[in-house]
Chemist: 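To start, I am sharing the structure in question, which I have written as structure tokens.
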Amino acid sequence: MYRASRLDGKLDENTLNFLSSISEDKEIAIYDILGSQAHVLMLFENKIITKSEASKILSALEKLKKENFSIKSESEDIHELIEYLVIKKAGINAGGKMHTARSRNDQISLDIRMKIRDDINVLCSCLLGAIETLISLAEKNQNTVMPLYTHLQQAQIGSFSHVLLAYADSLFRDLDRFYVTYGRVNESPLGAGPIGGTSLRIDRQSTAKMLGFKGLIENSIDATGSRDFVAEYVGQISILMTNLSRMAEDLIIWSTSEFSFIELSDKFASTSSVMPQKKNPDILELIRGKTAQVIGYQMGILSNLKGLPSGYNRDLQQIKVSIWPASNIAISSLLVINAVFKTMKINDQKMKKAIDSGYSIALDIAEHLVKRGIPFRTAHKIVGQLVQTASNSKKSLPALSVQDIRNSVKEDVIKINDLYKIIHSSTVTSSLTLRVSQGSSGRSEQKRMISDRKKKIQAYHIGISKRTNEIKLAFENLIKKIKIIIK
Ligand code: ARG
């Protein structure tokens, strides 16, 4: 349709397929229609088109809401296709006025912003769902003791609740990143035109308001040519996915028969085509795999943007192909990991047993010595010597005799009998009761963090539903206005 004005001849099929973004544009068709409706209402309210012209265009657009747009079309993208169909339905005299005072360049930026805005709200809700699951699991597992690992070697005694709370806190940060980005996405570029604005007396504030935006992305060059908000959004999805991927990796390790800390529900496990005994964590592996895919999308976006001059360039069309799948992967990953957490079995006996066979009580013993005025470095040495003796003789620390202790400790800063008593009074329970620093594995800290995070969940719930309602209300008002003009 556009070509006929300036260029001779049709594009051949291959070239059209190469140029066209219709297949990706299906995701934004509804936003393009809503954006066009707000634009047409504004043109009418500002006496740029008549009521009868507005009515014809608006009812054509209304009908298109039910259209299943075919990818096989001579149009280059959804914007051209929708305009073509509106002109077909409303006639050139009315339909031909729809594209007054705007351009595909502000249109596409608008559509992407509306889509990401909705996706962010969905993502925030999914994140809250996953966080809620983690907090309620943490609440039930405050007494589920386990070793905490660094370098995948036993480090300190901890509780499963502490690990779950750590997961929850990383997801809170993801949530907060999306929550803040929403403000930058929720600005309307509509009416910026191709790059430099228009001489027609349009009202950009009014279309922004009709579409539920908080304000304008004001500068028309910036509004049409920038996609940093997309890089920001997909970048945050990449970060979220790396967090989920780490959780997935932990669960994969813990579900091995060697660890057996957890067992995945059959519903969330796969089996082997040949080995009948297998119960595989494929879903979790796919979270890892899809994380790689999302990071690839993020690379694609940044590489696309880095060499572009200011203003719209058609390269930007390729950015869309990264957004929708990134959103879908993040949403589905959150849903499945939430379900995995909800349904997995926790084997607290195995977790506890892993502590017994290790030396993760060592730092707690060293801290007992520190409390008696022994320099930490000396305490570190003493306990290190004890662990070495125990390990060489394949004993646990409490199994060391007074004689064993005497033979291994070279420092003369504490009586051997006192040291023996300290080793014997250092238990998992005492360790977790005495751990008092803020954010530690200590029992009181678990309780405090759980109740604190519950309040945080509520605050986000309120904020997110307020935002969703603002958009819903804006669209309801838009429809009301449209109905008044159409009838
Ligand atoms: N299909 C284009 C995209 O997705 C829309 C904007 C086209 N604008 C242009 N001046 N060719 O980015």
Side-chain angles (χ1 to χ4, degrees), residues 1-7 9-11 13-36 38-39 61 64 67 69-87 98-119 185 188-198 207 211 217 219-234 297 300-327:
M1 176 176 75
Y2 300 150
R3 293 180 60 78
S5 308
R6 167 70 177 82
L7 303 169
K10 279 188 183 175
L11 290 173
E13 202 182 322
N14 277 337
T15 312
L16 181 62
N17 286 343
F18 181 79
L19 190 68
S20 169
S21 64
I22 297 244
S23 56
E24 291 99 60
D25 289 346
K26 284 189 150 211
E27 298 266 357
I28 47 168
I30 184 63
Y31 301 114
D32 206 67
I33 293 172
L34 289 165
S36 297
H39 183 69
L61 285 167
L64 287 180
E67 181 92 10
F69 295 101
S70 143
I71 330 176
K72 285 209 161 20
S73 130
E74 280 179 26
S75 303
E76 287 178 15
D77 52 33
I78 199 74
H79 323 294
E80 182 178 4
L81 180 57
I82 288 177
E83 189 183 349
Y84 165 78
L85 294 170
V86 164
I87 291 175
M98 179 171 76
H99 208 56
T100 308
R102 70 166 187 185
S103 147
R104 282 189 292 168
N105 299 350
D106 51 348
Q107 243 182 302
I108 182 60
S109 173
L110 173 79
D111 297 353
I112 296 175
R113 281 173 182 271
M114 288 173 78
K115 162 81 172 136
I116 292 184
R117 190 174 67 165
D118 279 352
D119 285 357
V185 173
S188 170
L190 189 57
I195 180 163
T198 170
T207 44
L211 295 169
I217 174 107
N219 183 312
S220 60
I221 304 171
D222 182 36
T224 48
S226 303
R227 294 290 183 274
D228 52 352
F229 68 100
V230 178
E232 180 175 342
Y233 171 63
V234 178
Y297 292 137
I301 293 168
L302 293 174
S303 314
N304 184 309
L305 294 177
K306 73 162 258 305
L308 295 186
S310 289
Y312 179 86
N313 298 273
R314 195 64 177 258
D315 316 44
L316 293 178
Q317 177 166 294
Q318 289 317 106
I319 282 193
K320 287 183 298 194
V321 301
S322 298
I323 310 172
W324 329 146
S327 286

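Excluded from the calculations below are hydrogen atoms, water molecules and symmetry mates; all remaining heavy atoms, backbone and side chain alike, are included. Remember, it's 1-based here, ligands and their atoms both numbered in the order they're listed.
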Chemist: His79 heavy atoms, cut-off 4.0 Å: which ligand 1 atoms fall inside?
Modeler: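 Here the atoms of ligand 1 in question are 5 (C).
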Chemist: Is a side-chain donor or acceptor of Glu232 paired with a backbone partner of Asp228 at a separation under 3.5 angstrom?
Modeler: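 Answer holds: no.
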Chemist: Can you see which heavy atom on Lys26 is nearest to which on Phe69, and at what distance?
Modeler: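 Between these two residues, the closest heavy atoms are CE-O, 2.9 Å.
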Chemist: Examine the side chains of Thr198 and Arg102 and answer whether a donor and an acceptor come within less than 3.5 Å of each other.
Modeler: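 Looking only at side-chain atoms, Arg102 and Thr198 do not form any donor-acceptor pair under 3.5 Å.
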Chemist: Starting from atom 6 (C) of ligand 1, which protein heavy atom do you reach first, and at what distance in Å?
Modeler: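 The answer is Tyr312 OH, 3.4 Å.
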Chemist: Does an N or O from Lys320, backbone or side chain, lie closer than 3.5 Å to an N or O of ligand 1?
Modeler: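 Yes, since at least one N or O of Lys320 sits under 3.5 Å from an N or O of ligand 1.
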Chemist: Using the side chain to side chain contact (heavy atoms under 4.5 Å, CB included) criterion, which residues pair with Ser23? Sequence neighbours excluded.
Modeler: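 In terms of side chain to side chain contact (heavy atoms under 4.5 Å, CB included), with neighbours along the sequence ignored, Ser23 is linked to Ile71.
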Chemist: Among all protein heavy atoms, pick the one closest to atom 5 (C) of ligand 1 and tell me residue, atom and distance.
Modeler: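 Checking every protein heavy atom, the shortest distance to atom 5 (C) of ligand 1 gives Asp77 OD2, 3.4 Å.
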Chemist: In terms of residue, atom name and distance, what is the protein heavy atom nearest to atom 10 (N) of ligand 1?
Modeler: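 Looking at atom 10 (N) of ligand 1, the protein heavy atom closest to it is Asn105 OD1, 3.1 Å.
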Chemist: Which heavy atom in Ala223 sits nearest to a heavy atom in Ser109, and how many Å separate them?
Modeler: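 Of all heavy-atom pairs spanning Ala223 and Ser109, the closest is O-OG, 3.1 Å.
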Chemist: Would you mind listing which atoms of ligand 1 come within a distance below 4.0 Å of any non-hydrogen atom of Ser21?
Modeler: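 By the 4.0 Å cutoff, the relevant atoms are 1 (N).
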Chemist: Only heavy atoms of Gln317, strictly under 4.0 Å: list the atoms of ligand 1 that pass.
Modeler: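 Listed by number with element: 1 (N), 2 (C), 3 (C), 4 (O), 12 (O).
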Chemist: Are Leu211 and Leu110 close enough that some pair of their side-chain heavy atoms sits under 4.5 Å apart?
Modeler: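 Result yes, sub-4.5 Å side-chain heavy-atom pair found.
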